[in-house]
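For clarity, every value in this text was computed on a predicted model and none was experimentally measured. When a ligand or atom number is given, it counts from 1 through the structure's own listing order.
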Amino acid sequence: MTITAIVSALHEELAAVLDLMPDEQQQTVGGRAFWRGHLHGHDVVAVLSGIGKVAAATTAAALIERFGVQRIVFTGVAGGLAPGVNVGDVVVARHFLQHDMDASPLFPRHEVPGYGRSRFDADAGLSARLALASEQVLRELPARLGAGVMQAFKLEAPRCHQGLLISGDRFVSSTAESLTLREALPEALAVEMEGAAFAQVCHDYGVPLAVVRTISDRADDAAHVDFPRFLREVASRYSAAVIETLLRET
Ligand code: ADE
């Protein structure tokens, strides 16, 4: 049977996923706790990614080499960049890029040396199913969260976007930096700190990857203000629902 890795960026998300696994057992590899078990009849390994590209790459390599996972689904949060990618929306990645990769003038800016490319792809089939699961959860979101939380974050009609997700070892929390990223990479929908590292490792091993990110902030001067409360009250509840919907229906 296919072994699926469920990777969460946040403790609360992982806890919500573990609550859905009746028989999980913990194993420590590389200083990380991996949880093996079952979820809706699927063989699953659940783990926290750690923050940043190095932690993400180590986690991805351990999942593949030590646990033999055959597909990886990542859930977390991201800062919205493109106009219309608002707090409470969801981005399912189609492609990934490391916005802080720059080996110029030896290689074009953003190109990963040795690969001849700056972009890595998500698995199209798995991502399409993840987008369907996300859209279904978004439709049920007001009922799940309640009117108080919807109003507190001005969540009116959250949308699911699909496209370019960019990653770097920086929490983007100034309007100036966000504008610089948007000018350099106008196609980028959102920014986070792990997805492109997972994508490079998954490319190396030929393992399908899909990433879903709830938009927790607009990567601007207010990003740090919105962040902790959003994680607690929206994002952590939301990702477990997406994972459950995905595994129930595939
Ligand atoms: N994850 C969530 N918000 C982010 C931001 N503004 N920058 C980087 N990673 C993030």
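For the salt bridge (Lys or Arg N to Asp or Glu O under 4.0 Å) test, residues two or more places apart in sequence or in another chain that qualify with R144 are E140. R32 is linked by a side-chain hydrogen bond (donor to acceptor under 3.5 Å, both in side chains) to T59, counting only residues two or more places apart in sequence or in another chain.
At a heavy-atom cutoff of 4.0 Å, ligand 1 is surrounded by V77, A78, G79, R170, F171, V172, V191, E192, M193, S216, D217, A219, F227.
Applying the salt bridge (charged side-chain N to carboxylate O under 4.0 Å, His left out) rule to pairs touching residues 53-72 yields K53-D100, sequence neighbours excluded.
In this structure, E111 does not pair ionically with R119, as no charged nitrogen and carboxylate oxygen lie closer than 4.0 Å. The pair E177-R170 meets the salt-bridge criterion, with a side-chain N (NZ, NE, NH1 or NH2) lying under 4.0 Å from an Asp/Glu carboxylate O.
For the ring-ring contact (aromatic ring centres under 6.0 Å, His included) criterion with F198, the lone passing option out of Y205, F120, F74 is F74.
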